[in-house]
2 protein chains.
Amino acid sequence: MARPSDTKARIQEVARELFLRQGVTNTSLRQISERLGITKPALYYHFDSREALLRSVIQPLTDDLEAFAAARRPGPPEDLLADYFDLAWQHRDVLMMIVADLSILSELDLVGRMLSWRETLVTLLIGPTAPQRARIHATVAVGGLSDCIVEYAQLPAEDVKKAAVEAALAALHAGS
Amino acid sequence: MARPSDTKARIQEVARELFLRQGVTNTSLRQISERLGITKPALYYHFDSREALLRSVIQPLTDDLEAFAAARRPGPPEDLLADYFDLAWQHRDVLMMIVADLSILSELDLVGRMLSWRETLVTLLIGPTAPQRARIHATVAVGGLSDCIVEYAQLPAEDVKKAAVEAALAALHAGS
DNA sequence: GTCTATACCTAGATAGAC
DNA sequence: GTCTATCTAGGTATAGAC
């Protein structure tokens, strides 16, 4: 056991679990280390800082969002919204963690990237020259859709997806 | 000047300003006291704890939400959504503060009350017996509307209100 | 290469003098 | 009503033993 760097993976697992269950701010390095039966400073051998540890927990989500924004081409809004839903749904646990403590976005300098991903999605939905009214409609669509991910995380994915995407589409096309 | 308890009001002002500008978590009692030219323990004469101080900053919003939920009767969704928009818009600075650090909701035991207000609004919109699909539509509507308050807080209220309410209405009635 | 012991800082909070 | 002094708990980080 404990092939050399099992420990690093075990730290990530425990950190992820505690971050999810009791929030990022309310989880101390001491708790994590005690849970593992090692001392606090031992964590620093594997991670440069608490921030680096947190970053590693969030990375799967940011990687996927980055790839989505980079690879996506304009297309039918229903497909874009559905694919965005699927991506977010896959990472709904980490999303809930972030929503519960949005200050981690600024801590990790993720605010800009988040805005840029959202901007990309909105532009894919309504095009680059749309007026502000359409932009607000798109914000209701994307924002409302995202809220459903977190709010109905424990329901069957397909039910939530169908209803949420149709509502988002309606918001997008409001008054046209 | 400094009628005896000016100081309490001055503390609130400074705390509010710092909480808004740099976030609740990132604002210490030391910063607040230094800004006022008094010492940290002096704050404790006026407020029992940091939490009590934070609570007093948020209170105008919670009072208004409480009154809204208590007094409102079912009516046309466009009126309900418009009135809810107005109320939230009035308190958009405090709302941004909360959104930037949602963990303060659980710190102040406000999660339950928030859910209950939202529940009340949803029920006013779609009635008490509506199926889950309608409930999800309403969540997109209310969630998307709220997102716009925070995202477009610096634009003219009327422009945002018109576009956001019409998109929320469309989401609410999607597929019917 | 892996972890322990330890140092040091800042936070919120309290006691008691003035 | 405000101050000095101090406490405790937690945080990050380093030096060095094994």
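Just so we're on the same page: letters track the sequence lines, and every chain starts at 1. Please read these numbers as outputs of a predicted model, since none were measured by experiment.
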From CG (B/Leu18) to CD (B/Glu13), nearest 0.5 Å: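 These two atoms lie 11.5 Å from each other.
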Side chains of B/Tyr45 and B/Thr7: any donor to acceptor distance under 3.5 Å?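 B/Tyr45 and B/Thr7 do not have a side-chain donor-acceptor pair below 3.5 Å.
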Where the side chain of [X] is concerned, which of [options] is the nearest nucleotide?
| X | options | answer |
| --- | --- | --- |
| A/Thr7 | C/dG12, D/dA13, C/dC3 | C/dC3 |
| A/Pro41 | D/dT12, D/dT14, C/dA13 | D/dT14 |
| A/His46 | C/dC3, D/dT12, C/dG12 | C/dC3 |

Given [N], is OP1 or OP2 found less than 4.0 Å from the side-chain N or O atoms of [X]?
| X | N | result |
| --- | --- | --- |
| B/Ser49 | C/dG12 | no |
| B/Ser28 | C/dA11 | yes |
| B/Arg30 | C/dT10 | no |

Please report the shortest heavy-atom distance between A/Ala168 and A/Leu81, naming the atom on each side.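 Answer, listing the atom of A/Ala168 first, then A/Leu81: CB-CD1, 4.0 Å.
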Expressed as a whole number of angstroms, how long is the span from [X]:[atom1] to [N]:[atom2]?
| X | N | atom1 | atom2 | result |
| --- | --- | --- | --- | --- |
| B/Leu53 | C/dA11 | CG | P | 15 Å |
| B/Tyr45 | C/dG12 | OH | P | 22 Å |
| A/Leu29 | D/dA9 | CG | P | 18 Å |
| B/Lys40 | C/dT10 | NZ | C1' | 8 Å |
| A/Tyr44 | C/dA5 | OH | P | 18 Å |

Quick one: label A/Asp48 by what it contacts on the DNA or RNA (base, sugar-phosphate, nothing), any heavy atom closer than 4.0 Å.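 Sugar-phosphate, backbone atoms only, no base.
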Name the nucleic acid region contacted by B/Thr39, choosing base, sugar-phosphate or nothing; use a 4.0 angstrom heavy-atom cut-off, strictly under.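 Contact class for B/Thr39: base.
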Using heavy-atom distances to pick each residue's nearest nucleotide on DNA chain D, tell me which of B/Gly37 and A/Ala42 is more 5'.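 That would be B/Gly37.
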